[in-house]
Each structure stands twice: as C-alpha cells, then as structure tokens.
Amino acid sequence: METHVVARTERQILRHLVPDDAADMFALSADPEVMRFLPDEPFASVEAARRFLEGYDPYTTEGMGRWAAIEAGTRTFLGWCGLRRQADGEVDLGYRYRRASWGQGLATEASRACIALAFGPMRLERIVAHAHQDNVASARVLEKLGFRATGDAVHGGLPVRFFHLDAPRPPG
C-alpha cells in the first residue's frame, strides 16, 4: 500500500497509518519487549487497533502524525515513526519498531526523514523527544540525531529523560 506516502528513505517508506494496519499494530503492541519502557497499554485485540486507527487522523488536523514505517523492498510493516503535537504545543518525535527490526539503524534512518520534514517544509523551530531512563538504545538514537538531553522527570508514570533539537540556524 503506497497511499499517503510522506517520506522515503534508503530502506523505508513512511506513510499514513490506516485501518488495514490493525493486525500489525496489534502485534507490535503485543510484544512485551517492545512495550517494556512505554506507559501505553497494548491493544486488547486487532479490532481495538482497527477502531483506534479508524479514528486516528492528525494528518488532517495537524499536518503530521505517527507514520507507518514500511520496508521499501518487501513492503513489510516495521513499526512507526513520526511527529506529534503535544498538549503544550511542542512537537514530539517518536518511534516504535518490531523487535526483529532493532539494531539495524531503521529508527535513526526514519527519524532523520522526520527531522528533515520538521525543519524543512513544516518550518518548526524545535522538536522534542523523551526516552525511559533505562532505555539506553533509544537515548543513543536521539543523541546520534543531535538531540540534547534537557533533564529527567516522571512522564506517564515512568522515569524519562527529555531531549530537544533546535532547527539549524542559517549562517551569518
């Protein structure tokens, strides 16, 4: 499915999440290792994931959202990555990938595409992110992308480290 493609990377296609992604989203949330550092409850069923996706449309209201990460060669659902406006107005970068995709640089690759959108066509001044304090791999991804740690706090009931990345400033 190539509808609503937002970005392409060397190995991935980022596109809108759609109700047909329900089984993949359910499987992603059903993996306890994927959910280990997250406050979210897993979807109770494929149908619950479908209902969520049927109502998920920040693309129209915000011009951004979490996007399905699809392997370019096989069209396999890998997870999701994207931007989301928070209640305080900040735009948050987030990602979640199937365990079989970990350690391959896919979250970093997709996040770079999201950052290019944020600071390019979207003209954002800053994006933020957070990672559970024990999630060393996720913090490493953010640091590789140039994010700077800004402090620790409890967020969603979990201890997290907050990060930010400012838009590049034009020279001179």
Side-chain angles (χ1 to χ4, degrees), residues 6 14 16-19 21-69 77-103 105-115 117-119 122 124-166:
V6 176
L14 298 180
H16 290 192
L17 286 163
V18 295
D21 294 322
D24 290 316
M25 290 289 282
F26 171 73
L28 184 66
S29 80
D31 185 331
E33 280 301 303
V34 169
M35 302 300 285
R36 180 175 171 204
F37 296 119
L38 303 170
D40 305 340
E41 290 295 320
F43 290 112
S45 64
V46 172
E47 188 52 39
R50 181 174 304 285
R51 282 191 304 275
F52 169 80
L53 292 168
E54 287 169 348
Y56 186 75
D57 189 21
Y59 314 120
T60 301
T61 59
E62 296 288 338
M64 64 183 79
R66 304 305 197 202
W67 297 300
F77 182 93
L78 301 171
W80 56 258
C81 183
L83 303 165
R84 183 176 71 184
R85 189 166 307 279
Q86 303 296 302
D88 63 4
E90 295 268 27
V91 174
D92 169 77
L93 171 72
Y95 42 83
R96 191 173 301 172
Y97 277 76
R98 295 180 331 172
R99 196 176 346 166
S101 301
W102 292 358
L106 293 165
T108 303
E109 180 181 302
S111 293
R112 278 196 182 103
C114 292
I115 291 166
L117 289 169
F119 296 148
M122 292 180 184
L124 299 176
E125 293 295 318
R126 168 182 283 198
I127 53 179
V128 300
H130 64 275
H132 190 287
Q133 289 176 11
D134 294 335
N135 191 341
V136 176
S138 191
R140 193 173 321 122
V141 167
L142 295 170
E143 290 165 354
K144 271 195 279 188
L145 294 166
F147 280 81
R148 301 286 179 241
T150 58
D152 298 337
V154 174
H155 181 68
L158 298 173
V160 299
R161 176 153 295 138
F162 288 95
F163 296 84
H164 79 272
L165 179 64
D166 292 323

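For the single chain, residues carry numbers from 1 onward in sequence order.
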Checklist entry - Does the side-chain contact (heavy atoms from CB on, under 4.5 Å) test come out yes or no for Leu145 and Leu93, once each step is laid out? => result CA-CA 11 Å; Leu145 294 166; Leu93 171 72; 4.2 Å; yes
Item to check | N/O donor-acceptor pair under 3.5 Å between Tyr56 side chain and Arg51 backbone | outcome: no
Next on the checklist: Please check this pair: side chain of Asp21 against backbone of Val18, looking for a donor-acceptor N/O pair closer than 3.5 Å.
Outcome noted: yes
Next on the checklist: Determine whether a donor-acceptor pair (N or O, by modelled atom type, separation under 3.5 Å) exists between the side chain of Tyr97 and the backbone of Cys81.
Outcome noted: no
Next on the checklist: With heavy-atom distances below 4.5 Å as the criterion, would you say the side chains of Phe119 and Ile127 are in contact?
Outcome noted: yes
Checklist entry - Is any side-chain N of the basic residue among Arg99 and Glu33 closer than 4.0 Å to the acidic one's carboxylate O? => result no
Item to check | Derivation of the side-chain contact (heavy atoms from CB on, under 4.5 Å) call for Leu117 and Met64 | outcome: CA-CA 9 Å; Leu117 289 169; Met64 64 183 79; over 6 Å; no
Checklist entry - Can you find a heavy atom in the side chain of Arg84 that is under 4.5 Å from one in the side chain of Glu62? => result no
Item to check | Test item: Arg161 side-chain N/O and Gln133 main-chain N/O as donor-acceptor pair under 3.5 Å | outcome: no
Next on the checklist: Using side-chain heavy atoms (C-beta onward) and a distance below 4.5 Å, is Val91 in contact with Met122?
Outcome noted: no
Checklist entry - Between atom CD of Glu47 and atom CZ of Phe26, what is the distance when rounded to the nearest 0.5 Å? => result 12.0 Å
Next on the checklist: Is the shortest side-chain heavy-atom distance between Tyr95 and Leu142 below 4.5 Å?
Outcome noted: yes
Next on the checklist: Using only atom types and a distance under 3.5 Å, with no angle test, would you say the side chain of Arg50 pairs donor to acceptor with the backbone of Pro19?
Outcome noted: yes
Next on the checklist: Which label fits Phe52 and Phe43: parallel for a plane angle under 30°, tilted from 30 to 60°, or perpendicular past 60°?
Outcome noted: tilted
Checklist entry - So, do His16 and Thr60 sit near enough that their side-chain heavy atoms are less than 4.5 Å apart? => result no
Checklist outcome for this item: The salt bridge (Lys or Arg N to Asp or Glu O under 4.0 Å) partners of Asp88 (sequence neighbours excluded) come to none
Checklist entry - Parallel, tilted or perpendicular for Phe37 and His132, by the 30°/60° rule? => result tilted
